[in-house]
Amino acid sequence: MSDGFEPSMSRRAFVRSAMFGTVIVALGGGSYVLASEDEERKARADKRPDGRARLPPGQYLLKRIRPMGGTEGDPSPGGFRLRVHGEVEQPFTIDFAELLKMTQVDRVCDVHCVTKWTALDTKWTGVKLADLAARAKVKPAARHVIFEAAAGYTANVPLREALAPNVIVAHKYEGVPLARAHGAPVRVVVPDLYFWKSAKWITGVRFVASDRPGYWETRGYHNHADPWKEERYG
Ligand SMILES: Nc1nc2c(c(=O)[nH]1)N[C@H]1C(S)=C(S)[C@@H](COP(=O)(O)O)O[C@H]1N2
Ligand SMILES: [Mo]
């Protein structure tokens, strides 16, 4: 969540006009690309099919997602195991090959980071979380989903929102295998909540009856994380 590049509005405007379209290398070493003023203006005016603003309040626009760090897991597909468990009738663990045998979907969606960048039309390939839930036969008692990832990272999402058709367990970004920094070999994408809910280096999906605030939710961030309500801090 930390960010070596947090310009004030005026400084950001300066940087934007001087540097849009160019790669900026942040203090942490990750690089990212600002969208042009024109693209940002368009996004601000645009509405989603559900009527919400394309650019949620307080957000600015990047051309693509920016690596935000975190403690990486084993990036090799060969080492990948995903455990689907908790309030389910048929818990299971699948490896990378088995994940690829499930129905694959492409999703194009906007993602919004609490550090205020948004990337539009990001393309992800993977398996719907709803398909994993159906395979495990989630019990009626389940109310929340806990994403479990490398080094003990977790993120909680209400069950109803986790089962939305745009929530996927992704192994490709923009048509190519996930980069290590973005969660290789497999991450979650929950586009309609701030991006910290989208656990990288995923190891488990746990269905629970009572909520369990995760890594950032227990460190001052909002339990729900709706970008249109600016649910940034708890
Ligand atoms: N396992 C794990 N997943 C994680 C994180 C993390 O530290 N560990 N950081 C989260 C945060 S704060 C953000 S903003 C997004 C960033 O994803 P990106 O680096 O692909 O942009 O990943 C989320 N998923
Ligand atoms: Mo973040």
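Remember, it's 1-based here, ligands and their atoms both numbered in the order they're listed. Side-chain atoms are counted along with the backbone in the values below, which use heavy atoms only and exclude waters and symmetry mates.
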Inset, instruction - Assert yes or no for the condition that the ring centre distance of Tyr221 to Trp196 is strictly below 6.0 Å. - result: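 Aromatic pair counts; centres sit under 6.0 Å.
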Numbering as shown, the atoms of ligand 1 that approach [X] to under 4.0 Å (heavy-atom distance):
| X | answer |
| --- | --- |
| Arg187 | 15 (C), 17 (O), 18 (P), 20 (O), 22 (O) |
| Ala149 | 1 (N) |
| Pro67 | 19 (O) |
| Ile65 | 20 (O) |
| Ser198 | 22 (O), 23 (C), 24 (N) |
| Ala199 | 3 (N), 24 (N) |

Looking at ligand 1, does any of its N/O atoms fall within less than 3.5 Å of an N/O of [X]?
| X | result |
| --- | --- |
| Trp196 | no |
| Met68 | yes |
| Trp117 | no |
| Arg66 | yes |

Legend entry - Any donor-acceptor N or O pair under 3.5 Å, side chains Asp74, Ser76: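 Yes, side-chain donor-acceptor contact under 3.5 Å.
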Legend entry - Within reach of ligand 1, part of Tyr153 (heavy-atom separation under 4.0 Å):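 Contact part for Tyr153 vs ligand 1: side chain (C-beta onward).
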Inset, instruction - Provide the full list of side chain to side chain donor-acceptor pair (under 3.5 Å) pairs with a residue in residues 197-206, sequence neighbours left out, each pair given once. - result: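 Found Asn156-Lys197, Lys197-Glu217.
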Counting heavy atoms only, name the option from [options] that's nearest to [atom].
| atom | options | answer |
| --- | --- | --- |
| atom 14 (S) of ligand 1 | Gly70, Cys113, Ala155, Ala179 | Cys113 |
| atom 15 (C) of ligand 1 | Tyr173, Trp216, Trp201, Phe195 | Phe195 |
| atom 19 (O) of ligand 1 | His182, His112, Lys200 | Lys200 |

Legend entry - Mutual orientation of the aromatic rings belonging to Tyr173 and Trp124 [parallel < 30°, tilted 30-60°, perpendicular > 60°]: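 Tilted.
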Legend entry - Contact summary for Gln59 and Trp117, nearest pair of heavy atoms: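 Closest approach of Gln59 to Trp117: NE2-O, 3.0 Å.
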Inset, instruction - Can you tell me which residue pairs pass the ring-ring contact (aromatic ring centres under 6.0 Å, His included) test with a partner in residues 68-107, sequence neighbours excluded? - result: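 Sorted pair list: Phe96-His171.
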Inset, instruction - Look at atom CZ of Arg83 and say whether more than 12 heavy atoms of other residues, nucleotides or ligands are closer to it than 6.0 Å. - result: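 Result for CZ/Arg83: open.
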Legend entry - Rounded distance [0.5 Å steps], CG in Leu193 versus CD in Glu161: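 It is 5.0 Å, given to the nearest 0.5 Å.
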Inset, instruction - Mind checking the CZ-CH2 spacing from Arg48 to Trp228? Nearest 0.5 Å is all I need. - result: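 Taking CZ in Arg48 and CH2 in Trp228, the distance rounds to 4.0 Å.
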